[in-house]
Amino acid sequence: MNLIDGKKIASDIVDELTQKVSAIDGNKPCIAFIRVGEDPASVSYVKSKNRTAEKIGITPLLFTFDNTISQEELFAKVDALNEDPSVNGILIQSPLPSHLNEQDAFNRIDPNKDVDGFHVVNAGRVVQEDPDGFVSCTPAGIIEICKREGIKLEGKHVVVLGRSLIVGKTFSLLAMQKGAHANATVTVCHSRTRNLKEITRQADVLVAAIGRPEMVTGDMIKEGAVVIDVGINRVEDASRKRGYKLVGDVNFDEAALIASKITPVPGGVGPMTVAILMKNTVKAYALQNA
Ligand code: NDP
């Protein structure tokens, strides 16, 4: 079994972007983060994105709002950032409080500054295989792992567990695209899928994005398959200082005995998401300055 080191791949991408950005004369790429409320996970995600941007030389701007912000106030901020030519990328940290419609907020962002790739126009660009579109970061990160690890998807049976827009559905569209690093035969499974094990056992590449701790067991995996575990689940663990540990959607110990390659949790797909966000920001800058 070969462990896929997502941390190392993400760090290589950050180094490549740092070189690219340092070669830019004048104004550097700029990303604006909007965070509403003080949800600890959101605070920590935005901090980590901010830090990586700074490391690369991308200018980060952080705008924080109280949980009570109205949709009009939020939209006014997005509109101002859309209009500001010095801002190349805009990210609204999810989740938003329940009185705000998240998809409406994402759709308010100028699609050419939508570096998270959640705007309806960018979802359409994925379907149309438009290279100038922005692909959401986690599915794009999985494709990048495949490229850099020499995992060929062409002609392979890729089974995707999960059909969310931010992971499963978008990854399945990318894997079935025409062209290099795609051309897979894709099966998408979800909570209503019957005989899940029969399907997953046919996978040459199995991508798990369901949010169910260690649900994918060894007997669900074909000998020699590549296993990409997207899940990030907290499970209680009294032996840890913080009282929990992170596990994926795959039972790692069982899968590791059967898979030819596997991503760990943490340290697999997770770190790729921020790296691709930065890649999208540099791409937005390039497209806006072309
Ligand atoms: P969602 O809850 O939006 O989607 C989960 C999907 O899994 C749904 O399509 C659901 O089916 C399906 N599902 C749930 N239970 C089962 C089951 N028993 N059998 C088959 N399918 C099932 O989650 P996300 O896509 O947002 O996230 C998935 C996981 O990936 C989570 O653990 C999340 O934390 C992690 N994640 C990691 C990221 C990273 O950076 N590494 C980024 C984003 C997410 P149905 O549609 O029928 O409800």
Side-chain angles (χ1 to χ4, degrees), residues 4-11 13-14 39-42 44-49 51-52 91-96 98 102-103 106 115-118 123 126 134-146 158-175 186-203 206-217 219-221 227-235 244-252 255 262-280:
I4 298 173
D5 187 349
K7 231 171 153 176
K8 165 80 171 64
I9 301 172
S11 153
I13 293 171
V14 166
D39 168 55
S42 294
S44 146
Y45 285 141
V46 172
K47 236 186 217 162
S48 149
K49 291 167 186 174
R51 221 177 14 239
T52 309
L91 178 145
I92 300 174
Q93 183 62 46
S94 166
L96 290 176
S98 55
E102 216 162 70
Q103 191 58 56
F106 297 148
V115 285
D116 237 351
F118 294 157
V126 171
F134 293 96
V135 181
S136 61
C137 302
T138 304
I142 302 170
I143 294 288
E144 198 66 36
I145 285 179
C146 292
V158 172
V159 175
V160 183
L161 303 184
R163 57 177 164 179
S164 73
L165 190 61
I166 70 162
V167 193
K169 189 182 288 174
T170 302
F171 178 74
S172 68
L173 289 167
L174 295 177
V186 181
T187 302
V188 182
C189 302
H190 45 77
S191 67
R192 311 295 169 93
T193 299
R194 292 185 190 154
N195 305 327
L196 195 64
K197 195 192 333 186
E198 271 174 34
I199 299 169
T200 59
R201 283 186 61 83
Q202 294 170 29
L206 180 61
V207 176
I210 45 181
R212 300 270 179 268
E214 301 181 319
M215 201 196 90
V216 178
T217 45
D219 59 341
M220 295 171 73
I221 300 167
V227 176
I228 308 283
D229 190 354
V230 186
I232 302 177
N233 308 291
R234 277 185 183 195
V235 295
Y244 68 87
K245 64 175 178 177
L246 292 180
V247 299
D249 289 340
V250 176
N251 182 317
F252 182 86
I262 184 167
T263 59
V265 177
V269 175
M272 294 299 293
T273 302
V274 178
I276 299 295
L277 175 69
M278 299 302 145
K279 202 173 171 196
N280 281 350

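Computed from a prediction, not measured in an experiment: that's the story for all the values here. Order of appearance sets the numbers: ligands from 1, and atoms from 1 within every ligand. FYI, side chains are in, hydrogens and waters are out, and symmetry mates aren't considered; it's all heavy atoms of this structure.
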Inset, instruction - Kindly write out the residues that satisfy side chain to side chain donor-acceptor pair (under 3.5 Å) with S136, not counting sequence neighbours, or none if the list is empty. - result: none
Inset, instruction - Counting heavy atoms only, name the option from R163, R192, R212, H190 that's nearest to atom 14 (C) of ligand 1. - result: R212
Legend entry - Element-labelled atoms of ligand 1 that are located less than 4.0 Å from some non-hydrogen atom of N233: 32 (O)
Legend entry - ligand 1 to D249 polar contact by distance, N or O atoms, under 3.5 Å: no
Legend entry - T138 touching ligand 1 at heavy-atom level, < 4.0 angstrom: yes
Legend entry - N or O pair under 3.5 Å between G162 and ligand 1: no
Inset, instruction - Say whether, by atom type as modelled, one donor and one acceptor occur between the side chain of D229 and the main chain of I262 under 3.5 angstrom. - result: no
Inset, instruction - Output the list of atoms in ligand 1 that are nearer than 4.0 Å to some heavy atom of V230, sorted by atom number. - result: 30 (O), 35 (C), 36 (N), 37 (C), 41 (N)
Inset, instruction - Taking only heavy atoms of I232 into account, list the atoms of ligand 1 that are under 4.0 Å away from them. - result: 32 (O), 34 (O), 35 (C), 37 (C), 39 (C), 41 (N)
Legend entry - Taking atom 25 (O) of ligand 1 as the reference point, the nearest protein heavy atom with its distance: S164 OG, 2.5 Å
Inset, instruction - Would you tell me which option among S94, G211, S191 has the nearest heavy-atom contact to atom 48 (O) of ligand 1? - result: S191
Inset, instruction - Return yes when M215 approaches ligand 1 closer than 4.0 angstrom through a heavy atom, no otherwise. - result: yes
Inset, instruction - For I166, counting its heavy atoms only, list the atoms of ligand 1 lying under 4.0 Å from any of them. - result: 26 (O), 43 (C)
